[in-house]
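To start, the structure itself, in structure tokens.
Every value quoted in this text rests on a predicted model; they were computed, and no experiment measured them. Throughout, protein chains are lettered first and strands after them, A, B, ... in sequence-line order, and every chain is numbered starting at 1.
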Number of protein chains: 4
Amino acid sequence: MAARKTDGSADVAAGQPAGGRRRRDAAATREALLQAARDRFIRLGYDRTTLRDVAADVGVNLALIKRYFDSKEGLFKAALAGTPRFLGGAGEFPQDRAALAEALSRQLAAGAWPEFGEHPVLLLLRVSGDERVDSLRRQALRDFSRRVLEASGAAGDDDERLLRAELLVALGVGIAVVRSAVGLRPLADATADELIGPLRDVVDGLLAPPRPGDAV
Amino acid sequence: MAARKTDGSADVAAGQPAGGRRRRDAAATREALLQAARDRFIRLGYDRTTLRDVAADVGVNLALIKRYFDSKEGLFKAALAGTPRFLGGAGEFPQDRAALAEALSRQLAAGAWPEFGEHPVLLLLRVSGDERVDSLRRQALRDFSRRVLEASGAAGDDDERLLRAELLVALGVGIAVVRSAVGLRPLADATADELIGPLRDVVDGLLAPPRPGDAV
Amino acid sequence: MAARKTDGSADVAAGQPAGGRRRRDAAATREALLQAARDRFIRLGYDRTTLRDVAADVGVNLALIKRYFDSKEGLFKAALAGTPRFLGGAGEFPQDRAALAEALSRQLAAGAWPEFGEHPVLLLLRVSGDERVDSLRRQALRDFSRRVLEASGAAGDDDERLLRAELLVALGVGIAVVRSAVGLRPLADATADELIGPLRDVVDGLLAPPRPGDAV
Amino acid sequence: MAARKTDGSADVAAGQPAGGRRRRDAAATREALLQAARDRFIRLGYDRTTLRDVAADVGVNLALIKRYFDSKEGLFKAALAGTPRFLGGAGEFPQDRAALAEALSRQLAAGAWPEFGEHPVLLLLRVSGDERVDSLRRQALRDFSRRVLEASGAAGDDDERLLRAELLVALGVGIAVVRSAVGLRPLADATADELIGPLRDVVDGLLAPPRPGDAV
DNA sequence: AATGAATGAGCTTTCATTCAT
DNA sequence: GATGAATGAAAGCTCATTCAT
């Protein structure tokens, strides 16, 4: 690297007895490291995130990262593992098209993930170069597509329907990227309420059963 | 960075007088460097692209990069500048909604950009950390949104219409990312013909004038 | 150090009350640590032996090493101190040339030191960088030379005789090194029976009283 | 490591234009690095030799070592490769027993290898942990044994004769170790003249054809 | 007595960059 | 215009050690 910095290293150490150093609370330290790591990975990507900075954010020694996560790769995976799925857990997934648009707009609106700073899906996109991580990423997005497919309630050619579900995933990813990494305005500032209308149209357009008379 | 390589360094230097050394063709050398740089930036991102590898691809000395582009940042900007806009040049932009979906599907299908290896929009997303580059990126995407807006032919609230145009941009970005960086299948393998149907529905859903009776 | 491991960390803790944790048997723990340390020092040398691995071999906490031996240096010295002399204790030293060759061949043959894995003289050669350790080492070898001298029963110039005794020491050291650290074959595999003949010739050649008519 | 230093880092830079920095002489720089590396590897062993110190000895930047030797392992191998064989080149090897003792005593006497500081065979013994290096080492010593065998002119059982040749190798190694690494006196200070007598007796004892009447 | 959290220092390696030729 | 030698700065990782509990 040898390049410039873009961050603003600040001691976080949330919830710690201020004044003194963080002492003897492995779980808390581990969690704080994860938090700081996620923040940097999402904001700066894998390469520009340095373990030294992560440790400094939390105010602990660099070697603790090795202790808890073994390596940078391990830290990244742990950050990834702790990341909420694209759209909630199993039970919470919207069960029909109508709910899907609303859920999406809420998920993608700014500030929806206060504990991550930015949308967690961005973490998935920060290349690590490790095939197993790439695989994790693919799996997560594939899962999401499958769920969208189930929620779509649409009939018809299976491949085409899956493609349409994946296009919805792509839209979600694109929105997250364009909002956070690019800062395209007004999209970057749109609230959930402003997003829901257009998203409903997209979801309907993509997932509505083909109208009678349409030729594919 | 840490270690692994993902490339396959191969001398390119196409169109050079074989046998002898590349001699004294500044313009050609410069162009070859740009080409090699784009390829790596798109495939590996900014950080994992090393100037040494770029120079080695072309078969010239590393210091030439400094001569022509001054720095890695400069090389990246030059690579970015030479990138075709998201959707063709001024005159070629589709003038109505109907054409837009088709143009998009063609643009986003694999192999559409043989000289880049992958979709050039990915180059826009490779963080450089430099604010001027970020600005370039935003500008390019903003331009595209404006043009989509013009092509949409829609009436109504200006802000909402711009938001919808930007959502289309986001979709394009998302598709490029999901195809190339993530490899989500079947989307990654879809042809222009397979993409056009769903994309038409999205474009219609997003840009069609609100049907009578709709409440926003 | 850099990276690779060459061991095969296995819990030893022989003779411990199985089932429960090693509890409160300071002497046993201390001895087990020494044993594990010797094994690693001999096999891997000083630098490549890590206290963590030694502690793990025994199954106790790393900090115990500090408690019992104060430091890595201390552990090494303790390991050295517990090492049997090159050739047995005082009373057992062979009293004449004839016995010397036989004792040597037995000492140097493989498997002669089951509790060390390799010949303990190797421990003497593992640099510690500490002058007091170097001194210990010199003293041990000097003692051995003196005893060889006494056993040689030879008359003549004192200095020359000492030199010859030290050459026998050097041979012993060389054999241990070449067998264990280098693995030179067939020497590395030779049994005591195979060694004794040649060694008898060396001992005779070196220590036999100068034949009449010889000029030194 | 994290341990003490035992050296005395001093700028060498022999043959360089004093006053200014070493400039633009790749071959000389490379050689100076090799020289410094050999010195440290022999004196301190592989682990305790740091690239920083080697570079500092020569007065150049650490990264040059990567440039010329790629890695620490590479530097070690290069140092090893440039090391003279145990006993001279092909033609120079003593052709009979009589010459062998004399050659050995000359080789093993102090100061015989001014460009190495210590006897180069010690370099062979400095573990690197790399199997290919271990193999190099074994091969070098095996070569030497074979040559001793050829020079011995002895008849008899082949295996026994090889064993005896290897014992002579072991003696050579042992003498080098005991002189340099251990500093056993008077052996460490003995001159070639003082060594030759005893060595002649050893060589005769080991390699002389079995006297008639001897049972093996 | 024993544990495990936390630290500090140092090592190899990697890169962008600069300087002479 | 072009080359290759040389530099500086940092990154990931490892280890002995110390400090609370």
Whole-Å gap separating [atom2] ([N]) and [atom1] ([X]):
{"X": "A/D70", "N": "F/dC13", "atom1": "CG", "atom2": "P", "answer": "8 Å"}
{"X": "C/L75", "N": "F/dC15", "atom1": "CG", "atom2": "C1'", "answer": "15 Å"}
{"X": "B/F69", "N": "E/dT17", "atom1": "CZ", "atom2": "C1'", "answer": "16 Å"}
{"X": "D/L51", "N": "F/dA9", "atom1": "CG", "atom2": "C1'", "answer": "17 Å"}
{"X": "A/D47", "N": "E/dC15", "atom1": "CG", "atom2": "P", "answer": "11 Å"}
{"X": "A/L62", "N": "E/dG8", "atom1": "CG", "atom2": "P", "answer": "12 Å"}
{"X": "D/D25", "N": "E/dC19", "atom1": "CG", "atom2": "C1'", "answer": "16 Å"}

Is there a side-chain contact between [X] and the phosphate of [N], meaning an N or O under 4.0 Å from OP1 or OP2?
{"X": "B/Y68", "N": "F/dG1", "answer": "no"}
{"X": "B/N61", "N": "F/dA2", "answer": "no"}
{"X": "A/R67", "N": "E/dA5", "answer": "yes"}
{"X": "C/K66", "N": "F/dT17", "answer": "no"}
{"X": "C/S71", "N": "F/dA16", "answer": "no"}

All side chain to side chain contact (heavy atoms under 4.5 Å, CB included) counterparts of C/R67, not counting sequence neighbours: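 With neighbours one apart ignored, the set is C/L64.
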Could I get the full list of side chain to side chain contact (heavy atoms under 4.5 Å, CB included) partners for D/L51, not counting sequence neighbours?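 Applying side chain to side chain contact (heavy atoms under 4.5 Å, CB included) to D/L51 gives D/L62, D/I65, D/K72, D/L75.
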Would you mind classifying the nucleic acid contact of D/I65 as base, sugar-phosphate or nothing, using non-hydrogen atoms under 4.0 angstrom?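 The answer is nothing, as D/I65 stays clear of every strand by at least 4.0 Å.
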Mind checking A/A26 for me? I need base, sugar-phosphate or nothing, with any heavy atom below 4.0 Å counting as a touch.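 Result for A/A26 = sugar-phosphate.
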In dot-bracket notation, what is the pairing pattern of DNA chain F, taking Watson-Crick (N1-N3 plus N6-O4 or O6-N4) and G-U wobble (N1-O2 and O6-N3) contacts under 3.5 Å, with [ ] crossing and | for other strands? .||||||||||||||||||||
Among the nucleotides [options], which one has an atom lying closest to any side-chain atom of [X]?
{"X": "A/K72", "options": "E/dC15, F/dC13, E/dT12", "answer": "F/dC13"}
{"X": "A/R52", "options": "F/dG12, F/dT17, E/dT12", "answer": "F/dG12"}
{"X": "A/L64", "options": "E/dA6, F/dG1, F/dC13", "answer": "E/dA6"}

